[in-house]
Trainee: 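Mind having a look at this structure? Questions to follow.
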2 protein chains.
Amino acid sequence: MIPSGPFERHDHASCRARALAQADQVCGERLTPVRRRVLELLLESHVALGAYDVLERLRDEGHRAQPPVAYRALDFLVAQGLAHRIERLNAFIACHRPADCEAPAFLICRACNRVAETGNTPKRGALARDARALGFEIEETVIEARGLCPACQTP
Amino acid sequence: MIPSGPFERHDHASCRARALAQADQVCGERLTPVRRRVLELLLESHVALGAYDVLERLRDEGHRAQPPVAYRALDFLVAQGLAHRIERLNAFIACHRPADCEAPAFLICRACNRVAETGNTPKRGALARDARALGFEIEETVIEARGLCPACQTP
DNA sequence: TCGACCTTGTTATACTATAACATATCTCGT
DNA sequence: ACGAGATATGTTATAGTATAACAAGGTCGA
Ligand SMILES: [Zn+2]
Ligand SMILES: [Zn+2]
Ligand SMILES: [Zn+2]
Ligand SMILES: [Zn+2]
């Protein structure tokens with residue numbers, strides 16, 4: 001996947017619209033109003049949101065939601081590949097390319113908190129080699145790098 | 001680093017003793033009794049322990065400890081490179097090779113919960129390439145693979 | 001119509017982590 | 001000796017993250 005997005009200036013409206021359209025297509029009716037709204041919230045920026053951030057926003061909109069509402073919606077989105085959980089942050093971001101997203105990796109800026117998804121980490125790196133040598137069967141890999149995005153590197 | 005350890009039958013007593021000796025050497029006096037005891041607890045198996053697991057064991061031994069006691073000891077061990085935090089598990093494992101551990105990656109068996117550390121992930125993989133292309137400066141990377149160890153793969 | 005399945009609502013609780021303040025010790029320069 | 005700063009521990013309270021469990025309605029095919 002071509003690295004692109006959060007750290008560059010970009011047309012975020014269409015960035016968001018495209019992801020939402022793909023989500024509609026993937027899920028059809030299963031993308032219920034709450035789930036769709038949560039996805040929209042995640043798509044508002046490239047900053048990861050915690051479940052309670054999502055919850056708070058839902059409440060601000062008049063939805064009298066309890067924690068399971070947020071977690072269920074987020075779990076659904078993650079299961080459909082429309083969002084990703086960032087383990088280091090206990091938070092979630094929307095996937096901006098759900099159509100072709102496999103083995104994603106994440107670059108997390110510790111200064112501005114934006115997260116870039118840089119995908120398709122190869123299955124043949126040093127990790128895969130070591131796993132094979134051990135007889136370990138990898139099912140899923142979390143790769144999350146922390147550092148500074150271009151904008152936050154002091155000049 | 002040569003993959004070795006948890007998933008193979010091995011002399012765990014010396015596995016543990018070696019790590020402890022290296023820790024003593026690295027830390028000297030700073031490896032206080034509590035900190036050393038926590039490291040020993042982590043070294044008892046290759047299964048990751050949560051902070052509250054550690055706390056419970058300390059209490060079983062008569063130490064009237066509160067949560068900060070466990071977290072402080074664990075934070076110290078992590079800072080010294082004697083233990084690693086596994087983000088996916090909110091848990092900690094001892095590093096069995098503190099002397100030569102840099103950029104570790106982890107293989108987590110979802111069946112038996114043992115964790116293998118397979119180290120020295122290269123700085124020149126696809127991730128590093130993408131980061132460079134984005135101008136992102138990586139400071140630290142979490143790599144955690146989930147799957148099945150050899151013993152847990154049903155035949 | 002029945003039952004299986006999915007979705008949402010709601011209450012309560014479990015698990016993980018840190019803030020903040022207190023106490024003790026050591027070391028170093030004066 | 002004295003006080004300042006650094007380090008380590010004790011203790012209380014609270015913040016933040018996540019799930020269990022039960023209830024209730026909707027859809028849809030057998
Ligand atoms: Zn965008
Ligand atoms: Zn940034
Ligand atoms: Zn061992
Ligand atoms: Zn296993």
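Chain letters run A, B, ... following the sequence lines, proteins first and then strands; every chain starts at 1.
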Trainee: Can A:Glu140 and B:Arg88 be counted as an ion pair, charged N to O under 4.0 angstrom?
Mentor: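 Judged by the 4.0 Å cut-off on N to carboxylate O distance, A:Glu140 and B:Arg88 do form a salt bridge.
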Trainee: Show me the protein contacts with nucleotides 4-13 of chain D, counting only N or O atoms at under 3.5 Å.
Mentor:
| residue | atom | partner | partner atom | Å |
| --- | --- | --- | --- | --- |
| D:dA8 | OP1 | B:Arg30 | NE | 2.9 |
| D:dA8 | OP1 | B:Arg35 | NH1 | 3.3 |
| D:dA8 | OP2 | B:Arg30 | NH2 | 3.0 |
| D:dT9 | OP1 | B:Thr32 | OG1 | 2.8 |
| D:dG10 | N7 | B:Arg72 | NH1 | 2.9 |
| D:dG10 | O6 | B:Arg72 | NH2 | 2.7 |
| D:dT11 | O4 | B:Arg72 | NH2 | 3.4 |

Trainee: Which pair of heavy atoms, one from B:Ala51 and one from B:Ala70, lies closest together, and at what distance?
Mentor: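 Looking at all heavy atoms of both residues, the closest pair is O-CB, 3.6 Å.
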Trainee: With a 4.0 Å cut-off, would you call A:Arg36 and A:Glu40 a salt bridge?
Mentor: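 Judged by the 4.0 Å cut-off on N to carboxylate O distance, A:Arg36 and A:Glu40 do form a salt bridge.
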Trainee: Just say parallel, tilted or perpendicular for the rings of B:Phe7 and A:Phe136, cut-offs at 30° and 60°.
Mentor: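 Plane angle under 30°, so parallel.
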Trainee: Does the side chain of A:Glu117 come under 3.5 Å of the side chain of A:His84 through a donor N or O and an acceptor N or O?
Mentor: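 Yes, a side-chain donor-acceptor pair sits under 3.5 Å.
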Trainee: Please give, in whole Å, the distance from D:dT17 C1' to A:Asp75 CG?
Mentor: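 From A:Asp75 CG to D:dT17 C1': 13 Å.
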Trainee: Below 4.0 angstrom, which residues in residues 50-61 of chain B have at least one non-hydrogen atom near DNA chain C?
Mentor: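 Result for residues 50-61 of chain B: B:Tyr52, sorted by number.
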Trainee: In plain terms, say whether A:Glu144 and A:Arg146 are close enough for a salt bridge, that is, a side-chain N and a carboxylate O under 4.0 Å apart.
Mentor: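 A:Arg146 and A:Glu144: not salt-bridged.
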Trainee: Go through A:Arg110 and B:Glu139 one step at a time and tell me if the salt bridge (Lys or Arg N to Asp or Glu O under 4.0 Å) criterion holds.
Mentor: CA-CA 10 Å; A:Arg110 66 170 161 81; B:Glu139 292 169 348; 2.7 Å; yes
Trainee: Within less than 4.0 Å of OP1 or OP2 of D:dT19, is there a side-chain N or O belonging to A:Tyr71?
Mentor: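 It does not, given that no N or O in the side chain of A:Tyr71 lies less than 4.0 Å from OP1 or OP2 of D:dT19.
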Trainee: Could you list by number each residue of residues 82-95 of chain B showing a heavy-atom separation from DNA chain C of less than 4.0 Å, or answer none if no residue does?
Mentor: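 Within residues 82-95 of chain B, the residues near DNA chain C are B:Arg85, B:Asn90.
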Trainee: Starting at atom CG of B:Leu49, determine the distance to atom P of C:dT16, rounded to an integer number of angstrom.
Mentor: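 Taking atom P of C:dT16 as the reference, CG of B:Leu49 is at 12 Å.
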Trainee: Taking only Lys NZ, Arg NE, NH1 and NH2, and the carboxylate oxygens of Asp or Glu, determine whether A:Glu61 and A:Arg59 approach each other closer than 4.0 Å.
Mentor: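 Salt bridge flag = no for A:Arg59 with A:Glu61.
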